[in-house]
Every structure is written in structure tokens, then in C-alpha cells.
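All residue numbers in this chain count up from 1 along the given sequence.
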Amino acid sequence: MEAVTALKRDEYTGENRCMPCTIVNIGIAAVLAVAAVVIAGTGIGILFFLVALAIIYLHGYLVPGTPTLTKRYLPASVLGLFGKESVTERRARSIDANATIEEQLVAIGVFTVKDNPALTDSFANAWKVANERFRFEDVDESALRTLFGTDDVSRHAATGAVVDGNQSIRWISESALVADVTASRLLAERGSGWETVEPNERIALLRGLRLFLRVCPACDGAVDVTERTADPCCERPHTLIEVTCSDCGTPLADDAVVGIDADASGRVRAIRR
């Protein structure tokens with residue numbers, strides 16, 4: 001059993017297994033097994049197929065170098081057929097369609113103008129106070145209508161909403177939802193043109209803003225930001241960013257940014273896309 005575990009490639013199996021790639025590789029194994037039957041007989045063909053399945057189970061693929069080859073040579077349109085659009089197609093939105101989230105938030109006094117942007121002290125303090133005041137209130141549909149700037153919104157479960165009848169929004173936690181509600185109110189108060197922003201653009205901007213929370217909206221605890229590199233099968237390498245409360249463990253924000261760049265943090269690159 002230990003020998004099997006040693007041979008297993010965790011980065012391409014289990015939760016990280018690419019099912020479309022697995023199906024394709026099983027198909028290749030089946031074709032080769034049929035060829036083996038024709039050339040060498042039924043027994044050899046069956047044996048070959050079983051060995052091929054074992055290799056796919058342990059390695060995630062049969063053809064050597066499959067992950068590298070697909071990422072290097074397949075265009076984004078083909079990768080999309082493998083269900084890999086979520087990271088590579090994600091784009092940050094902002095109030096100004098021609099500006100990054102960073103540029104827009106700097107313009108309205110939410111971010112500093114430094115090379116390594118952060119919340120201004122004035123906005124961070126105002127956001128903290130607003131979260132403290134809202135902490136024990138329910139996010140009802142009235143608050144959601146204000147958040148999205150539309151009357152066509154309904155609450156679904158604790159962390160979900162449907163906007164305009166067809167756009168489903170889900171937050172990573174109730175505290176993340178609260179942070180978005182309070183931040184949107186502050187942005188509206190600052191005369192930022194918030195009332196002209198479409199619901200999907202609001203959510204993208206608020207998601208980027210949440211990556212820079214200083215304290216937890218739920219308990220005022222310290223916030224931990226972790227970044228890790230992922231290099232999954234059939235997808236470009238990317239940086240995963242997770243923001244959680246170190247005290248209560250509440251998840252507050254997450255994002256994925258294509259590529260790896262040691263000169264800029266994942267949070268910064270997320271708002272500059």
C-alpha cells in the first residue's frame with residue numbers, strides 16, 4: 001500500500017484530478033487496448049488496458065507530459081472546453097470600464113497612491129466602524145436593493161442572492177456579505193458615481209476591496225492573508241489568495257490570479273487586472 005501511495009501524483013489526482021483529461025486518457029487507453037487485441041491477442045489487450053487504468057489512477061494521465069503539453073500548446077478557447085474558464089477569463093471590473101479597480105479606488109480616496117496599494121486610514125476606519133454597527137443587524141432585501149442599486153433582488157439562504165431574476169450571487173461567508181453592504185454604503189456617501197455602477201461591476205469591485213480588509217467584520221480580529229501557487233492540469237499556473245480571520249476563522253475573501261509574479265502580491269495583481 002505504501003508503494004502505491006509513493007507512486008501517486010497528488011497534484012493530478014484526488015481533488016486535483018482533471019476529469020475531462022481523465023476521460024480523454026481513458027479513451028486513448030481503450031483505443032490502444034483494441035490495437036493490442038488485434039496485434040497480440042485478447043489477453044494482452046485486456047492486460048494493457050488494466051495497466052493503463054492503473055497508471056491513470058495513480059498519475060492522473062496516461063500520455064507522459066499531458067499537463068505540460070496542454071498548458072503550453074492548447075489555446076484558451078480549447079482550454080475552455082475543459083471547463084477552465086473560471087480563472088483565465090476572470091476580469092476585475094470597476095466604475096470606469098477603462099480603469100482598473102486599483103485606479104478607481106485611488107481616485108475616490110479608498111486606496112493609497114503608493115506602489116503597494118492599501119486602504120487609506122480614513123476609509124479603513126470608517127469601514128471598521130460601519131461593520132461594528134451593522135454586525136448584529138440582518139442583511140434583509142432592503143439592504144440588498146441598496147447594495148445592487150436595483151429593486152429586482154431576492155435573498156437566497158444566508159449567503160446568496162438573485163439579481164434581475166437571472167444573476168446568482170454567492171458570498172464566501174455572511175461576514176463577507178456584511179462587508180460588501182457597508183462598503184457599498186461608504187462608496188455611495190463619497191460621491192464616487194456608485195449609483196451608475198451595474199450590479200456585476202459592483203460585486204467585482206467590492207470583492208477586490210475585501211481582499212484588503214484590515215480587521216474581521218465579525219469579531220474585529222486580525223486578518224490573515226495567504227497566497228499559494230497552483231499549477232493544475234490543463235490550466236495556466238495561478239496564484240490563489242485567501243483572506244481569513246485569524247481569531248474566529250471566518251473566510252472573508254478569495255481570488256485567483258493567472259500567472260506568478262514575485263514582484264507584486266496576489267492581492268495587488270488581482271485589482272490591477
Side-chain angles (χ1 to χ4, degrees), residues 14-16 85-93 101-102 105 110-111 117-119 123-124 126-140 143-144 147-148 153 155-163 167-187 199-232 235 237-258 260 264-273:
E15 294 182 353
N16 297 321
E85 298 149 316
S86 59
V87 173
T88 58
E89 299 247 332
R90 187 182 294 176
R91 293 292 182 271
R93 298 175 178 265
I101 283 180
E102 177 193 19
L105 293 176
V110 175
F111 272 4
L119 296 179
F123 186 85
W127 200 7
K128 180 177 181 295
V129 171
N131 285 331
E132 289 173 347
R133 291 175 178 173
F134 202 89
R135 186 172 298 159
F136 301 106
E137 297 183 30
D138 291 329
V139 179
D140 55 18
L144 290 176
L147 170 61
F148 292 109
V153 59
R155 181 81 179 270
H156 283 255
T159 57
V162 174
V163 182
Q167 185 178 2
S168 179
I169 308 294
R170 187 163 297 279
W171 287 267
I172 194 171
S173 66
E174 290 186 72
S175 294
L177 170 56
V178 168
D180 282 1
V181 169
T182 54
S184 68
R185 292 179 178 181
L186 292 175
L187 291 173
N200 60 331
E201 294 175 333
R202 293 187 181 205
I203 287 300
L205 189 147
L206 292 169
R207 182 187 297 117
L209 187 58
R210 241 188 297 125
L211 292 172
F212 291 82
L213 274 167
R214 292 184 181 178
V215 296
C216 175
C219 69
D220 286 340
V223 168
D224 282 338
V225 180
T226 59
E227 297 183 14
R228 58 188 176 89
T229 299
D231 190 9
E235 194 169 340
H238 52 274
T239 302
L240 301 177
I241 311 111
E242 296 177 342
V243 180
T244 58
C245 175
S246 59
D247 289 353
C248 67
T250 299
L252 302 172
D254 62 0
D255 206 341
V257 188
V258 175
I260 304 168
S265 70
R267 291 191 301 171
V268 172
R269 287 186 287 124
I271 61 171
R272 287 179 175 171
R273 287 175 298 182

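D140 meets the side-chain contact (heavy atoms from CB on, under 4.5 Å) test with S142, A143; sequence neighbours excluded. With sequence neighbours excluded, the residues satisfying side-chain contact (heavy atoms from CB on, under 4.5 Å) with V162 are S154, H156. Remark: A253 engages R210, L211, V243 in a side-chain contact (heavy atoms from CB on, under 4.5 Å) (not counting sequence neighbours). In this structure, the ring pair (Phe, Tyr, Trp, His ring centres under 6.0 Å) partners of F111, at least two apart in sequence or on a different chain, are F212. The side-chain hydrogen bond (donor to acceptor under 3.5 Å, both in side chains) search around Q167 returns none, not counting sequence neighbours. For the ring pair (Phe, Tyr, Trp, His ring centres under 6.0 Å) test, no residue two or more places apart in sequence or in another chain qualifies with F148.
Taking OG1 of T244 as the start and CG of L252 as the end, the distance is 7.0 Å to the nearest 0.5 Å. We find the CH2-CG distance between W127 and L186 to be 8.5 Å, quoted to the nearest 0.5 Å. To the nearest 0.5 Å, the span separating CZ on R155 from CG on D138 amounts to 7.5 Å. Note that CZ of R170 is 4.5 Å distant from OG1 of T159, once rounded to the nearest 0.5 Å. Once rounded to the nearest 0.5 Å, the distance linking CG of L213 with SG of C245 reads 10.5 Å. The CG atom of D180 lies 8.0 Å from the CG atom of L209; values are rounded to the nearest 0.5 Å.
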Item to check | Pair V163-N200, side chain to side chain contact (heavy atoms under 4.5 Å, CB included): steps then yes or no | outcome: CA-CA 9 Å; V163 182; N200 60 331; over 6 Å; no
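Residues R207 and I172 have side chains not in contact (no heavy-atom distance under 4.5 Å, counting atoms from C-beta outward). Side-chain atoms of L205 and E201, non-hydrogen and from C-beta on, never get closer than 4.5 Å to each other. Taking 4.5 Å as the limit, every side-chain heavy atom of W171 sits out of range of all side-chain heavy atoms of V139. Residues N131 and D220 form no side-chain contact, since every pair of their non-hydrogen atoms from C-beta on lies 4.5 Å or further apart. Using a 4.5 Å heavy-atom cutoff, the side chains of I169 and V153 are not in contact.
In this structure, A158 and L177 approach most closely via the heavy-atom pair O-CD2, 3.8 Å. Nearest heavy atom pair, residue S184 against residue L206, reads N-CD2, 4.0 Å. Listed here is the closest heavy atom pair of T182 and A130: CG2-O, 3.7 Å. Contact between D255 and A270 at its shortest, heavy atoms only, is OD2-CB, 3.7 Å. For the residue pair C248 and C216, the shortest heavy atom distance occurs at SG-SG, 3.8 Å. For the residue pair H238 and V258, the shortest heavy atom distance occurs at CB-CA, 3.7 Å.
A side-chain donor-acceptor contact under 3.5 Å links T239 and R269.
Not a single donor-acceptor pair under 3.5 Å links the side chain of R267 to the backbone N or O of I241. The closest donor-acceptor contact from the side chain of R135 to the backbone of P217 lies under 3.5 Å.
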